[in-house]
Colleague: 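Quick one: the structure is below, and I'll ask about it shortly.
Treat the numbers as computed from the prediction; the structure is a model and nothing was measured. These numbers come from the heavy atoms of this one structure, side chains and all, not from hydrogens, waters or symmetry mates. Sequence lines set the chain letters: A, B, ... in the order given, protein chains first and strands last, and positions in each chain run from 1.
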There are 2 protein chains.
Amino acid sequence: MTRARTRPRKSPSQPRSERTVEAIVEATARILETQGLSGFNTNAVADKAGVSVGSLYQYFPNKDALVVALSTRERALLGVALGEAARQAASLPLEGALRRLAHTAIHRQLARPDLARVLDFEEQRLVLEEPDRALTRDIAGNVATLLRRYRAVIQVADLEAAAYDLIAIARALIDAAVLRGQVEPVALEGRVTRAALGYLTGRANVAS
Amino acid sequence: MTRARTRPRKSPSQPRSERTVEAIVEATARILETQGLSGFNTNAVADKAGVSVGSLYQYFPNKDALVVALSTRERALLGVALGEAARQAASLPLEGALRRLAHTAIHRQLARPDLARVLDFEEQRLVLEEPDRALTRDIAGNVATLLRRYRAVIQVADLEAAAYDLIAIARALIDAAVLRGQVEPVALEGRVTRAALGYLTGRANVAS
DNA sequence: AGTCAATACGAGTAATTACTCACATCATGT
DNA sequence: ACATGATGTGAGTAATTACTCGTATTGACT
């Protein structure tokens, strides 16, 4: 029972094939954000990319691999932006740092809001089907590192878990905002920041 | 282009058919929590329910209707529990009230954690495909009503939206906890309560 | 006992779609 | 020019599965 691969082929590369892979990943994004899940099939992706299905399967072993590649690309962009934000936030108090992170994440997700929402969903599906798949590990690691600097003011012991929770909160609030069409970035940033700050520093503990 | 129905048939009812419908809904639950999405097909549900596919389609117009029915059943249970909790919390300060709600929601979701997670996911899918589908409207309404009592201490203006956001936060944190296997109810309750309280009362507003 | 509507059956169908493979074309080194 | 590996093609296949429909059974009422 060998676990199915999701990112195997595409070993050799001439510049030509690089462009093909790029086109396929971007076609996946465009299909997902314009047609949604129901329009997302490999033939449609190949068409949109201007290549044949055969070429698609030369570089991606199965349909999920498309989602993984796209997710990886988008998460990398987010990761870079968050890294930059974290450096800038180095001297800020916790609230300011969280706000910067929230601001950055919101900015990136709202750049292509429909894509963000569908992709979040697809990532959830992948994790549901294969729980150890680590799609947000890098980002969570970076967030955890940042959190460690504020250990003194944070009530939560497990900062790794806290990082994942903060990501889940941000995701939930951003996706909900997109769904409602309430995408005023500043207000949204405030909501995310307050929830995160409450999670980390609130002193609502055991009492009943 | 008439919108597809999701809960149409089953008009007439002898006691026999009631039991059939019950069996089908519960079979859906058991399939989802034991086999996950990949095992969820109408033949499997019919088998598990001990009825034929034909009978299934006598009462449910399509596969999604199964999910809607199950979701409705589970949300009703949660709704009743939350209503009770809200009454008991009537005299408590906001934090205590939120804690009671969190406690109740967690208790119910952890009763069948795997089902809760897959069902949350399926609900997301339904909303993604049909944005105006209102699966949590009743619960959100109840939460909003409760929030109105605390208007004085809440920073957020739109309490309807806040209710949806709080539900999204709770969902995200509970599902994340189930995924990680960290289901200590008390700690989880604390996390949800702190995030909710921060969201509502935090004074992280506009500053940059 | 007989009628009839409600309920149940489940083999079959039609549609979708992920994926393959035998073949074509390209581009690079000689 | 030509050889050769890399890259591209897309009609076809196989598997899955939601859903139908003609038929069978049940049970309530007379």
Colleague: Identify which nucleotide among D:dG8, D:dA11, D:dC19 has an atom closest to any side-chain atom of A:V53, counting heavy atoms from C-beta outward.
Modeller: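 The answer is D:dA11, which lies nearest to the side chain.
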Colleague: Look at B:D165 together with A:R194 and state whether they make a salt bridge at an N to O cut-off of under 4.0 Å.
Modeller: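 A salt bridge is absent here (no side-chain N lies under 4.0 Å from a carboxylate O).
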Colleague: Are B:E33 and B:R117 within salt-bridge range, i.e. N to O under 4.0 Å?
Modeller: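 Salt bridge between B:E33 and B:R117, a charged N being under 4.0 Å from a carboxylate O: no.
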Colleague: Would you mind reading off the distance between B:F60 atom CZ and D:dT20 atom P, rounded to a whole angstrom?
Modeller: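 To the nearest whole Å, that distance equals 15 Å.
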Colleague: Going 5' to 3' through nucleotides 22-30 of chain D, assign each nucleotide B (protein heavy atom under 4.0 Å from a base atom), S (under 4.0 Å only from sugar-phosphate atoms) or - (no protein heavy atom that close).
Modeller: ----B----
Colleague: Salt bridge between B:E74 and B:R108, side-chain N to carboxylate O under 4.0 Å?
Modeller: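 Salt bridge present between B:E74 and B:R108.
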Colleague: Are the charged groups of A:E22 and A:R19 less than 4.0 angstrom apart, N to O?
Modeller: no
Colleague: Looking at B:Y57, I'd like to know whether one of its side-chain N or O atoms comes within less than 4.0 Å of OP1 or OP2 on D:dC19.
Modeller: yes
Colleague: On the nucleotide D:dG8, are OP1 or OP2 found under 4.0 Å from the side-chain N or O atoms that A:T20 carries?
Modeller: yes
Colleague: Within less than 4.0 Å of OP1 or OP2 of C:dC19, is there a side-chain N or O belonging to A:T42?
Modeller: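 A:T42 to C:dC19 OP1/OP2: no side-chain N or O under 4.0 Å.
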Colleague: Please confirm whether the shortest side-chain N or O distance from A:S17 to OP1 or OP2 of D:dT7 is below 4.0 Å.
Modeller: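 Yes, within the criterion.
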Colleague: Got a salt bridge between A:R75 and A:E123, using NZ or NE/NH1/NH2 to carboxylate O under 4.0 Å?
Modeller: yes
Colleague: One thing to verify: whether A:E122 and A:R133 come together as a salt bridge, which I'm taking to mean a side-chain N less than 4.0 angstrom from a carboxylate O.
Modeller: no
Colleague: For B:K63 and A:L56, find the nucleotide of DNA chain D closest to each by heavy atoms; which residue's nucleotide sits nearer the 5' end?
Modeller: A:L56
Colleague: Please tell me if A:S52 has a side-chain N or O lying less than 4.0 Å from either OP1 or OP2 of D:dG10.
Modeller: no
